[in-house]
Amino acid sequence: VTGSIALLLSPPALGRHPFQQRARPLLASADDGPGDFDSADFQVVLREPETDLSMECYLLETTDALGSLYASMTPVDTPVAMTLLQDGIMIEIDDEELVETLFPTASAVCSEMGLALLRTPVTLTVSGELSDDDSDSEGSARESLLNSMEELDEVDEVGEDEEDEGAEVLLSFFHDSRKYYLVRLLEPIFVVGKQVQITDFVIPSDDEMDAVGPVLEELMQQNAEQLEAE
């Protein structure tokens with residue numbers, strides 16, 4: 001998005017298994033796309049059994065364990081978060097009830113920008129074109145909206161050595177007279193799924209994650225090293 005602002009983001013403790021949060025940036029930079037992985041053209045659906053929320057993902061690595069197939073994957077759509085500005089610090093909102101309350105307003109503003117905000121497990125996502133070309137009306141609307149965020153001038157911007165730790169502001173909106181932001185996460189997100197059908201996966205239990213998470217991380221690390229060597 002032309003004129004977007006990359007800011008440091010203070011993330012919450014999401015209360016999920018570490019691998020199901022934003023993964024450590026050992027696998028790819030923020031500019032690397034899923035196409036950098038051999039199996040990334042194979043799409044699957046990840047479902048959260050407790051909520052029945054689902055998310056389309058690109059399949060990355062797989063391993064057989066505990067009598068099932070487990071896979072690491074990355075979202076097809078763009079991972080985003082709702083945030084607020086507090087004492088000059090951009091803070092991610094981890095109150096799920098508040099996120100649910102804010103969702104309709106954020107979704108409506110996304111629609112005005114030509115985007116669709118999606119309720120997905122692990123992280124919210126946005127579908128739609130996040131292009132650097134502001135020649136169309138939607139791009140111009142995003143540019144105008146970002147230019148109105150003068151309060152962000154005092155927020156720390158992401159340095160070259162922190163490119164995987166920040167967030168890019170996409171838009172802002174108000175709820176109960178308070179201003180909130182929707183940001184694109186710069187750190188790559190990887191999640192783990194347990195296969196239940198050929199292209200259908202569910203989020204594993206914490207015990208399963210403890211067993212298969214390190215194996216999948218090692219496979220992804222090896223893949224990253226092979227890519228760097230090529």
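Position 1 is the first residue of the sequence, and the numbers go up from there. The structure presented is a predicted model; accordingly, all values stated were derived computationally and were not measured.
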V122-V45 co-clustered via ILVMFWY side chain contacts under 4.5 Å: no

Verify same cluster id: F103, M113 (apolar side-chain graph, 4.5 Å): yes

Side chain to side chain contact (heavy atoms under 4.5 Å, CB included) between V191 and F201, worked out: CA-CA 11 Å; V191 294; F201 289 74; over 6 Å; no

pair L98-Y180: side-chain heavy atoms closer than 4.5 Å: yes

For V126 against C110, the heavy-atom pair lying closest together: CG2-SG, 4.5 Å

Separation of L118 CG from L124 CG (nearest 0.5 Å): 8.5 Å

Verdict with supporting geometry, L185 and T123, side chain to side chain contact (heavy atoms under 4.5 Å, CB included): CA-CA 10 Å; L185 304 172; T123 177; 4.2 Å; yes

Closest approach of L53 to R119 (non-hydrogen atoms, all atoms of both residues): CD2-O, 3.9 Å

Stepwise side chain to side chain contact (heavy atoms under 4.5 Å, CB included) test for Q43 and T199: CA-CA 7 Å; Q43 291 190 27; T199 59; over 6 Å; no

Intermediate values then yes/no, side chain to side chain contact (heavy atoms under 4.5 Å, CB included), L69 and D64: CA-CA 5 Å; L69 179 75; D64 286 302; 3.5 Å; yes

Distance-only donor-acceptor check, side chains E217 and Q221, under 3.5 Å: no

V80 to R184 - nearest heavy-atom pair and separation: CG1-CA, 4.2 Å

Residue pair M90 / T83: nearest heavy atoms and the distance that separates them: SD-OG1, 3.0 Å

Sidechain-backbone polar pair: T74 side chain, I189 backbone, donor-acceptor under 3.5 Å: yes

E225 atom CD, neighbour heavy-atom count above 12 within 6.0 Å: yes

Distance-minimising heavy-atom pair for V202 and P49: CB-CG, 4.1 Å

Same cluster (ILVMFWY, side-chain, under 4.5 Å), M73 and F42: yes

Spacing of L115 atom CG and L170 atom CG [to the nearest 0.5 Å]: 7.0 Å

M82 CE to F173 CZ distance, which is reported to the nearest 0.5 Å: 5.0 Å

Shared hydrophobic cluster for V192 and L66 (ILVMFWY, side-chain gaps under 4.5 Å): yes

Value rounded to 0.5 Å, distance of CZ in R178 from CG in L102: 10.0 Å

Considering all heavy atoms, the nearest T105-F174 contact: CG2-O, 3.6 Å

Nearest-0.5 Å distance, NZ of residue K194 to CD1 of residue I203: 13.0 Å

S72 (side chain) donor-acceptor with E61 (main chain) under 3.5 angstrom: yes

Distance (rounded to the nearest 0.5 Å) between L46 CG and L59 CG: 11.0 Å

Expected output: side-chain E97 to main-chain E100 donor-acceptor under 3.5 Å: no

